[in-house]
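Read the structure below first, then the notes.
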Amino acid sequence: WFIEAQSLYVEKINHFQPFQIKKLNPLKQARSEKLKKIQHEQQVLLKELHPTDFVIALSEDGKQLSSKSWSDLISRSEMSGKKRVVIVIG
């Protein structure tokens with residue numbers, strides 16, 4: 001059901017703004033190699049980002065936003081001249 005819901009939301013969002021989901025494959029490492037895994041993920045992520053991106057990183061410990069606050073944040077990013085909004089999850 002998740003893939004079906006995801007597809008529905010991507011389709012709805014695309015009516016307003018070009019939108020895509022891109023999954024970056026993590027490095028398969030043992031838990032003891034945590035630092036190496038983090039460094040690899042950082043390199044993979046940085047290859048995908050551009051200087052003109054407005055990047056939002058989501059975190060369990062981060063600030064919670066209402067729908068209105070999200071809308072305001074996205075609007076500010078568009079007015080700042082950034083070409084893409086990139087939301088990093090995970």
Side-chain angles (χ1 to χ4, degrees):
W1 67 268
F2 176 77
I3 300 298
E4 190 175 315
Q6 177 180 306
S7 296
L8 176 65
Y9 277 100
V10 168
E11 184 179 327
K12 286 183 177 193
I13 293 169
N14 269 315
H15 287 290
F16 302 101
Q17 184 77 22
F19 178 83
Q20 75 179 114
I21 295 175
K22 185 174 241 183
K23 182 179 177 188
L24 305 179
N25 295 321
L27 184 65
K28 305 286 186 204
Q29 291 288 326
R31 289 182 190 255
S32 61
E33 299 287 332
K34 185 176 180 179
L35 180 59
K36 189 175 184 180
K37 182 177 179 180
I38 290 171
Q39 289 171 335
H40 172 76
E41 289 175 357
Q42 179 184 32
Q43 290 173 350
V44 170
L45 179 60
L46 289 174
K47 286 180 186 175
E48 295 293 327
L49 298 177
H50 307 288
T52 56
D53 289 343
F54 185 86
V55 181
I56 301 169
L58 300 183
S59 167
E60 291 177 355
D61 302 323
K63 183 169 120 181
Q64 290 189 357
L65 298 177
S66 66
S67 294
K68 172 78 169 92
S69 296
W70 267 103
S71 175
D72 292 343
L73 181 63
I74 301 300
S75 292
R76 281 196 313 269
S77 74
E78 291 172 346
M79 289 186 286
S80 72
K82 298 295 183 176
K83 296 190 184 221
R84 293 190 312 175
V85 176
V86 178
I87 300 174
V88 179
I89 303 172

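Sequential numbering from 1 along the given sequence is applied to the chain's residues. This structure is a prediction, so every number in the text was calculated from the model and none was measured.
We find the CD1-CD distance between I38 and E41 to be 7.0 Å, quoted to the nearest 0.5 Å. Here the NZ-NE2 distance, from K36 to H40, works out to 10.5 Å after rounding to the nearest 0.5 Å.
Both V55 and V44 are part of a single hydrophobic cluster, where members link through side-chain heavy atoms under 4.5 Å apart. I13 and W70 end up in different hydrophobic clusters when Ile, Leu, Val, Met, Phe, Trp and Tyr side chains are linked at under 4.5 Å. At a threshold of 4.5 Å between side-chain heavy atoms, the hydrophobic network of Ile, Leu, Val, Met, Phe, Trp and Tyr places V85 and I21 in two separate groups. One hydrophobic cluster, built from ILVMFWY side chains closer than 4.5 Å, holds both I89 and L65.
Of the residues V86, I74, L73, the one that meets the side-chain contact (heavy atoms from CB on, under 4.5 Å) test with F54 is L73.
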| task | Start with the C-alpha distance between H50 and R84, add both sets of side-chain angles, then the distance that settles side-chain contact (heavy atoms from CB on, under 4.5 Å), and finish with yes or no. | result | CA-CA 9 Å; H50 307 288; R84 293 190 312 175; 3.0 Å; yes
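By the 4.0 Å N-to-carboxylate-O rule, D72 lies too far from R76 to be salt-bridged with it.
Judged by distance alone, with hydrogens and angles left aside, the side-chain atoms of S71 form no donor-acceptor pair with the main-chain N or O of S67 at under 3.5 Å.
The closest side-chain heavy-atom distance from E48 to K22 is below 4.5 Å.
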